[in-house]
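Working notes, structure below.
Order of the sequence lines fixes the chain letters, A, B, ..., with proteins taken first and strands second; residue numbering starts at 1 for each chain.
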Amino acid sequence: MEGALAIGAGLAVAVGALGGGIGQGIAGGKCFESIARQPEIADQVRTLLFITLAFIETLTIYGLLIAFMLVGKIG
Amino acid sequence: MIFASSYEPLFHIGPVPVYDHIVAQWLVIILLGTVAYLATKNMQTIPRGLQNTFEAIVEGCFNFFGGALGNEHAAKKWAPLLVTFFLFILTNNYFGLIPGAGTIHGFVPSTADWNITATLATIVFFVVIIAGGKNFLAHLFTPHWLFLPLNLLEQVARPLSLTLRLFGNIFGHEMIVAFLVLMAPFLVPMPLVALGVLTGLIQALVFTILATSYMADVVGEGH
């Protein structure tokens with residue numbers, strides 16, 4: 001049972017971080033593209049990027065919280 | 001650790017238990033209040049020193065969040081609250097970076113407790129309803145009354161995601177630093193603590209920007 005909990009905790013972070021990482025990579029890359037094309041809108045794009053990254057990161061953070069809960073159950 | 005009930009209260013006021021995070025919040029309120037009092041005690045037309053710094057911070061935040069609201073009347077009314085959110089969360093986040101934090105009672109980032117972030121998110125929830133008024137009800141029925149269940153679900157999901165985002169980021173950061181300190185007490189956790197400066201600022205900013213955009217949804221374009 002404890003082994004399953006440990007594997008679950010690891011998977012929660014791993015899978016969550018995988019999706020979030022891909023998403024943030026795409027968002028960041030597109031942001032750099034648009035700034036390189038139109039440097040004068042860099043400020044607006046940066047603000048939007050931070051909000052977007054925060055949204056994506058939330059999903060990963062959900063996974064992290066689940067992992068912490070599962071680890072708490074093991075001890 | 002995730003739930004406040006799993007650790008001991010610091011002391012009791014009557015039947016009410018008082019936890020570390022509450023004391024940390026009091027400290028933040030006293031700190032911000034004292035600085036604000038000192039900055040405005042002896043106000044001058046041409047600001048100098050502390051007054052100048054404080055005016056720059058408050059005016060910058062005010063213009064940023066007020067501009068994001070997009071409605072001048074609403075901005076005058078609600079931007080003070082948003083700026084307060086920002087400064088309060090920022091100071092709370094940075095409380096964990098003070099040397100001695102975590103070992104001395106009361107010196108904890110109180111946003112690492114989900115009760116506190118849930119409180120902030122609940123305030124945002126009700127403020128959006130109050131700020132919107134009739135517009136809020138109309139907003140529930142856009143673009144068509146068929147969307148009512150979806151819109152209601154969105155309203156419920158907002159405070160939940162606001163709570164968990166702020167709490168998860170600060171709590172996760174605290175836990176990672178704690179693990180690293182256990183494994184290698186010297187120098188190794190330093191880059192992560194430095195990252196905490198960035199995380200604290202971004203999370204305070206994101207919470208407030210989201211609250212602003214929720215509010216901007218319902219206050220309308222203005223007159």
Between A:Thr60 and chain B, which part of the residue has a heavy atom less than 4.5 Å away: side chain, backbone, both or neither?
neither

Between B:Arg158 and B:Glu154, does any side-chain N to carboxylate O distance fall below 4.0 Å?
yes

Determine whether B:Tyr214 and B:Leu162 make a side-chain contact, defined as any pair of heavy atoms from C-beta on separated by less than 4.5 Å.
yes

Count the heavy atoms of every other residue, nucleotide or ligand shown that sit under 6.0 Å from CZ of B:Phe147, and state whether that count exceeds 12.
no

Please state whether the side chain, the backbone, both or neither of B:Phe64 comes within less than 4.5 Å of a heavy atom of chain A.
side chain

Are the ring centres of B:Phe171 and A:Phe68 closer than 6.0 Å?
yes

Ranking B:Ile209, B:Ile202, B:Asn169 by heavy-atom pairs under 4.5 Å to chain A gives rank one to B:Asn169

Proximity breakdown for B:Leu210 and chain A, heavy-atom pairs closer than 4.5 Å:
side chain

